[in-house]
Colleague: 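One structure coming up, written as structure tokens, with questions to follow.
All figures in this text were calculated on a predicted structure; none of them were measured in a lab.
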Amino acid sequence: MFNRIQEEHLRAIFNGFKDMVFLMAVDKGPSFRYVTANDSALKFSGVDESSFGKRMQDVLQEDVFVELQKAYETAYYSKEPYHYEIETEVMEEIMVGETILTPILNDQGTCTHVLAAVRDITNKKRIENELQSSKERYRYLYENTPAMYFTLNKEGTLLSFNETGSSRLGFTNQDLIGQSFSNFIDSRDKERYNHFIRQIKPGVDQCIEVRLLHKNNQSFWVSQRMNVISPRVGETEIVCVSYEVQEQKETEAQLKGQKRIFELIATDIMLEEVLEVTAKTLESHIDDTFCTIHLYSAEKEVLQLASAPSICEKHSLQLAEMTVGEDVSGCGRSASLKKPVIVSDIEDDPLSLHLHHFFYEHSIRAYWVMPILSSNNELLGIVTIYSLKNRLPSKQDERLIKMYTDIAVIAIEQKQTKQALKESETRLNIMTENMSDLIVLFDRKGHINYVSPAYKKIFGRAPMLENKFIDHVHVEDQEAVLESFGRLFQTSERQDVECRYRNAEGEYVVIEARAMPVLDENDQVKQVVVVARDITKRKKTEETIKHMAYHDSLTDLPNRRKFQEDLDKLIHRSKNKNLIAGVLFLDMDRFKVINDSLGHAFGDRVLSVVATRLKSLIAEKGQVYRMSGDEFTILIPHVIHISDLNNITKLVSQSFRQPIVIEEHEFHISFSIGVALYPDDGEDVESLLAHSDMAMYRAKEKGRNSYEFYRPSMNINNYERLVLENDLHKAIENEELLLHYQPRIDVATNEIIGVEALVRWKHPQWGLISPGEFIPLAEETGLIVQIDNWVLKEACLQNKRWQEQGIPPIRMAVNFSARQFLQRNLASSIRKVLKEVEMDGKWLEIEITESTLMKYEESIVQSLEELERMGVGIAIDDFGTGYSSLSYLKKFHVHALKIDQSFIKGIGKSPDEAAIARAVITLGHSMKMRVVAEGVETEDQFAFLKEQNCNEVQGFHFYRPMDVSSIDQLLKEKTVTPLL
């Protein structure tokens, strides 16, 4: 098709191209023969001019020819241009060529030649491969780096997250993208984090350490670097790189813990305190655990509890001593074998059954014991870790336990060494053990030999060593103090004493002192060490509480409780002495008109003036009390003539003939007065109060502003009461009693954590009767025990129904009367009910009034102890209204105090009411009790209680008492938190 001249012309044209160009003739076969090629082809392809006229198979290597032949055949048969890439070796280097084969057809459409254009794309392919490799490397590093890589938009929403980060959080990328990153910040760091991210500026690399939350709510520390970039115009992203620093934080905490313990050891602080810090440090490093440390007493061959910072006092007593042996609990086995003992499931350790109650109360599922061995392999004690989960200790746990056990060895051995060096210094040891308080050393004559520096802090002056201790004691306390010291010298036994001691200003400080003898070689007392502390504030607080509990906050008159106590004491003093006492019950006539017209605040002012006038009027004749509202009583302890009481009632009426004037308002006050005599009208408080009240109502019926003496004939109008009493006998049998429930709210979370069961009587004729009407009647008739038993069983059944419905268990509070507690079989009756309804005792709380505790102390203490062993909670109801002594709180194992609602109502109105509420909360917390406020009706009251860290509240501000259907619906809708 082309002659020689044409081929030369074509070659000249082809040389104008940088690409390699070949012209190939098609022979039968087909086979392809070189016709011509440009200079680039001759230079780079390995084909020279001698190849012209030759077939490809004669010029090329076989493997190259086979590959090219296929490509040329494709172009030949398709008669269409064909593109492909091929790698060839040129000058010992691999060249990648991009080839275009174009078939040349004659007039008959037959392919006679193929024009091949080859472009060298080796560099292009290399760049593409390197780019792809770079992308793969970046993707590999992004997904597999130990760091967490992610990006946020300016609102803090996640745009991307690498696999390392998402898996560390326990999620997939799909779970995280689109979420606000602050959702995964620990609540303790969220505010700080949000402030930090708002301050980030573009181009500035910034770092913050925060705790992130895993899907299982476990937090861990990360160090997070963040920078703001603009990937596209107008767009802003925050690039974040987080490295986990949890181990670093834990190490820092461990180093701090070790440093603190070594500092304590170095300062020669008491061993018990060192072990206390050691136990607390271990608890802080190992999640969901309690720690105890026992020391080995070689003399008794037992383990004695030295530290249990997170174990309540009751169970600390149970753990106080443990037997050493191979056939006892894991603690004793570890001490006996001098080897660690691991119990991953307490159910598999039958030798620890005697600790079951302790395990149950603290939700303990496993425990691990490490012996404390001296450098001579002698047993010093044990360290026990109690876990809330069934598990074995991790390697990290084992390392920590071993490390702090070794520290305990140092502390114990140092203590033993110093003890051995100071055995002859008994006096110094006693003083050292009580360094936090005042320490004074006396000789047998009472002369002061040594006073610790705390003396000046407490009494405001330097100690006067030339004076006797007794010279500064209040004269009224000196006899008791001398008697106490006399017993110490006689018996060589420790004595506790409380007295008033004069300070630098001449005022008296109340001190609580413990006197301990120092014996000579003949076991005679040669010196006395006194350890004392200032309890003035505590005594003042007790007096304040006592005053508030016994006095009306508005008028400062003694209140109903004080009246009942004074009258009761008077009756006991007057028995068999033929003495007469008078009780006057006063009710202001038409006082409601003042409240309704001028408001309660104005009415309170009137009551204050009335109280002051009454108090001044009675003076030395007797005592005035405010019972409630506009009701007062007057107690005349010694009545010579009945006419004396007539004169007093007339004196009251005459005194109030002069009107009371307040802010130009003039008030004419009168009273209806009822009078009862002891012993003629009653020989107990209840009878005298009821009869004087009955006489007062008779005076009102006569037209007010008059007085009446009680007469037995006044009882004949109590027909309705008799009918009510008869109907009450049938109320339980006729299923007329029902329960309402009032929720208790956790102050910290606002969630429901329990309910109080309140009995109601739906009378068939008179409708719903208030408990205030039928409960006193039930107590008088003895029916209260039957009602209490019905309430207990019905409340427990309802609580069990809720549990079976899937509602988280909550505590059910049930009120018990004093008469119920006097039943000998009370504890067994409650145990029987719990067994019948299959309910755990920890979900039941029995409420008993403070006055009942005081009145029947000896009778009910055994019942309370049995109830506590059953897990049943004990709460004191109406606390603060029956004050006697804080010793009651110590004697009874009380779990909760309920502040009487009369104090809650005064919050925000009376500083006295707020003060007593605050004092009760502080007292309860100091004795490790929950404090419950009842009758909370306003947001101000709730805010005050929350500020004072009151634990629980109940009242109309949250929920009124509800029938069973309403409380059912509420518990299913609201968050319920079990209180363990």
Side-chain angles (χ1 to χ4, degrees), residues 356-357 360-361 728-744 753-761 771 774-775 778-779 782-805 807-849 852-853 856 859-877 892-896 898 961 963-964 967-968 971 976 978-980:
H356 178 75
H357 190 62
Y360 183 81
E361 285 287 322
L728 186 57
H729 279 274
K730 306 173 184 177
I732 296 178
E733 180 182 344
N734 295 340
E735 298 183 354
E736 295 171 7
L737 296 183
L738 55 93
L739 291 183
H740 283 188
Y741 303 89
Q742 186 172 34
R744 280 194 194 168
I753 56 175
V755 295
E756 180 177 0
L758 303 168
V759 66
R760 299 289 187 264
W761 181 13
F774 73 86
I775 291 298
E779 290 177 340
L783 288 173
I784 192 65
V785 174
Q786 189 177 357
I787 292 175
D788 280 351
N789 289 336
W790 179 87
V791 171
L792 172 66
K793 186 167 184 179
E794 183 60 28
C796 290
L797 280 170
Q798 184 58 55
N799 202 5
K800 185 63 177 180
R801 291 187 198 108
W802 288 332
Q803 294 179 20
E804 291 172 349
Q805 292 170 12
I807 296 173
I810 57 176
R811 183 168 290 152
M812 174 72 72
V814 176
N815 291 277
F816 266 21
S817 65
R819 190 184 292 267
Q820 179 74 308
F821 265 93
L822 295 177
Q823 301 297 308
R824 293 185 178 180
N825 62 342
L826 174 64
S828 60
S829 297
I830 294 177
R831 184 182 290 107
K832 181 180 179 182
V833 170
L834 292 174
K835 185 176 181 180
E836 286 180 6
V837 303
E838 298 181 352
M839 190 180 89
D840 195 315
K842 69 179 179 179
W843 303 121
L844 175 64
E845 181 175 88
I846 300 300
E847 293 186 4
I848 182 171
T849 63
T852 300
L853 279 179
Y856 304 108
S859 302
I860 67 177
V861 64
Q862 184 176 357
S863 295
L864 291 178
E865 290 176 351
E866 290 185 36
L867 290 176
E868 184 186 26
R869 287 194 289 271
M870 292 159 56
V872 176
I874 305 298
I876 299 181
D877 198 10
F892 300 110
H893 300 290
V894 176
H895 306 91
K898 293 192 72 175
D963 59 26
V964 68
I967 193 71
D968 272 350
L971 293 180
V976 178
L979 179 65
L980 297 177

Colleague: Identify whether the distance between the nearest side-chain nitrogen and carboxylate oxygen of Arg744 and Glu845 falls below 4.0 Å.
Modeller: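 Yes.
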Colleague: For residues Pro743 and Val755, report the shortest heavy-atom separation together with the two atoms involved.
Modeller: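 Looks like CA-CG1, 3.9 Å.
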Colleague: Tell me, yes or no, whether the heavy-atom count around Glu838 atom CD, taken from other residues, nucleotides or ligands under 6.0 Å, exceeds 12.
Modeller: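 Atom CD in Glu838 is not packed in, count stays at 12 or less.
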Colleague: When you look at Trp790 and Val759, which way does the side-chain contact (heavy atoms from CB on, under 4.5 Å) test go after all the steps?
Modeller: CA-CA 10 Å; Trp790 179 87; Val759 66; 4.3 Å; yes
Colleague: For the CG atom of Leu826 and the CD1 atom of Ile846, what is their distance to the nearest 0.5 Å?
Modeller: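 Answer for the CG-CD1 pair, Leu826 versus Ile846, is 7.5 Å.
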Colleague: Under 4.5 Å between any side-chain heavy atoms of Glu756 and Pro961, yes or no?
Modeller: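 Sidechains of Pro961 and Glu756: no contact.
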Colleague: Is a side-chain donor or acceptor of His895 paired with a backbone partner of Gly873 at a separation under 3.5 angstrom?
Modeller: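 Pair absent, no side-chain N/O of His895 close to backbone of Gly873.
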Colleague: So does Asn815 get a backbone contact from the side chain of Asp877, meaning a donor-acceptor N/O pair under 3.5 Å?
Modeller: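 Judged by distance alone, no pair lies under 3.5 Å.
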Colleague: Rounded to the nearest 0.5 Å, what separation is found between the CG atom of Leu728 and the CD1 atom of Ile775?
Modeller: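 Reported value, rounded in 0.5 Å steps: 8.0 Å.
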Colleague: With a 4.5 Å heavy-atom cut-off, do Val837 and Arg801 have their side chains touching?
Modeller: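 Sidechains of Arg801 and Val837: no contact.
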Colleague: Counting C-beta onward and ignoring hydrogens, is there a side-chain heavy-atom pair between Leu792 and Phe816 closer than 4.5 Å?
Modeller: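 Leu792 reaches Phe816 side chain to side chain.
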Colleague: First locate atom CD1 of Ile732, then atom CG of Leu737, and finally report the distance between them rounded to the nearest 0.5 Å.
Modeller: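 Interatomic distance, Ile732 CD1 to Leu737 CG, rounded to 0.5 Å: 5.5 Å.
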Colleague: Between Leu783 and Phe774, is the side-chain contact (heavy atoms from CB on, under 4.5 Å) condition met? List the steps.
Modeller: CA-CA 10 Å; Leu783 288 173; Phe774 73 86; over 6 Å; no
Colleague: With a 4.0 Å cut-off, would you call Lys800 and Glu794 a salt bridge?
Modeller: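 Looking at Lys800 and Glu794, the cut-off is not met.
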Colleague: Supply the atom-to-atom distance Ser863 OG to Glu868 CD, rounded to the nearest 0.5 angstrom.
Modeller: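 Ser863 atom OG to Glu868 atom CD measures 13.0 Å (nearest 0.5 Å).
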Colleague: Supply the atom-to-atom distance Leu864 CG to Ile874 CD1, rounded to the nearest 0.5 angstrom.
Modeller: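 Nearest 0.5 Å value for the CG-CD1 distance: 5.0 Å.
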Colleague: Please evaluate residues Met812 and Trp802 with respect to the criterion side-chain contact (heavy atoms from CB on, under 4.5 Å), reporting the C-alpha separation (whole Å), side-chain torsions for both, the decisive distance (0.1 Å), and the verdict.
Modeller: CA-CA 11 Å; Met812 174 72 72; Trp802 288 332; 3.6 Å; yes
Colleague: Go through the steps for Val964 and Leu739 under the test side-chain contact (heavy atoms from CB on, under 4.5 Å), then give the verdict.
Modeller: CA-CA 7 Å; Val964 68; Leu739 291 183; over 6 Å; no
Colleague: Strictly below 4.0 Å, N to O, side chains only: are Glu847 and Lys898 in salt-bridge contact?
Modeller: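 Looking at Glu847 and Lys898, the cut-off is met.
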Colleague: Rounded to the nearest 0.5 Å, how far apart are NZ of Lys832 and CD of Glu836?
Modeller: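 Between Lys832 NZ and Glu836 CD, I get 5.5 Å after rounding to 0.5 Å.
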Colleague: Is Glu736 salt-bridged to Lys730, going by a charged N under 4.0 Å from an acidic O?
Modeller: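 Judged by the 4.0 Å cut-off on N to carboxylate O distance, Glu736 and Lys730 do not form a salt bridge.
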Colleague: Using side chain to side chain contact (heavy atoms under 4.5 Å, CB included) as the criterion, point out the one residue from Asn799, Leu834, Val833 that pairs with Leu844.
Modeller: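 Per the side chain to side chain contact (heavy atoms under 4.5 Å, CB included) rule, the option paired with Leu844 is Leu834, out of Asn799, Leu834, Val833.
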Colleague: So do Ile753 and Ile810 actually touch side chain to side chain, heavy atoms under 4.5 Å?
Modeller: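 Answer no - side chains too far apart.
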Colleague: If I compare all heavy atoms of Val814 with all of Ala795, which pair ends up nearest, and what's the gap?
Modeller: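 Nearest pair, atom of Val814 first, then Ala795: CG2-CB, 3.9 Å.
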Colleague: Any side-chain heavy atom of Gln742 sitting closer than 4.5 Å to one from Leu758?
Modeller: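 Yes, their side chains come closer than 4.5 Å.
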Colleague: Can you tell me if Gln805 has over 12 outside heavy atoms packed within less than 6.0 Å of its CD?
Modeller: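 For Gln805, atom CD is crowded (more than 12 foreign heavy atoms under 6.0 Å).
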Colleague: Using modelled atom types and a 3.5 Å cut-off, is there a donor and acceptor pairing between side-chain atoms of Asp840 and backbone atoms of Lys842?
Modeller: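 Such a contact is found between Asp840 side chain and Lys842 backbone.
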